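One-based numbering, in listed order, for ligands and for the atoms of each. Predicted, not measured: the structure shown is a model, and the values here were computed from it. Values below: all heavy atoms of this structure, side chains included; hydrogens, waters and symmetry mates excluded.
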Amino acid sequence: MLLESKIIAIDFDGTIVHNKYPEIGKPLPFAFETIKMLQQKGHRLILWSVRTGKLLDDAVEFCKKNGVEFYAVNSDFPGETKIKNRKINADIFIDDRNIGGMMQWGEIYQILAGEEPQQPKRKKGWFRL
Ligand SMILES: [Mg+2]
């Protein structure tokens, strides 16, 4: 299924990594894997964090080391550095402060990609003939 490309804003602390702010926690299971797959699907991903300055740079660097470079950081477009008093323009926000809490990354992928994450293809058994 081909889904329309979306702009997806993703929080850092508590969402990509466990919340150890201002330290950087361990990645949540399948966070980076899912984010990379979403990029491959053509979605534009924005890092959307309360971090600023060096703490923000640390987060960006940590994501880079894990193979993820965001389309933009705390802004709508690459190179923009700051948004004042304005929500960014995204189709979807992924945030641990969302009502209902943080969803599993596997579920997020299923919703956005419309397919199962990394599931081996089921072989047809005799019962499916
Ligand atoms: Mg958070």
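A donor-acceptor contact shorter than 3.5 Å links the side chain of Lys36 to the backbone of Asn66.
For Asp13, the N/O/S atom at the shortest distance from the Mg ion (ligand 1) is named O. Asp11 has its closest N, O or S atom to the Mg ion (ligand 1) at the position named OD2. Within Asp96, the N/O/S atom positioned nearest the Mg ion (ligand 1) carries the name OD1.
When each of Ile46, Ile35, Ile108 is paired with Ile10, the side chain to side chain contact (heavy atoms under 4.5 Å, CB included) condition holds for Ile35 and for no other.
For the Mg ion (ligand 1), the N/O/S atoms of Asp95 include none lying under 2.8 Å.
Rounding to the nearest 0.5 angstrom, the gap separating the CG atom in Asp58 from the CD atom in Glu23 is 9.0 Å.
Listed here is the closest heavy atom pair of Ser49 and Asn74: N-OD1, 2.7 Å.
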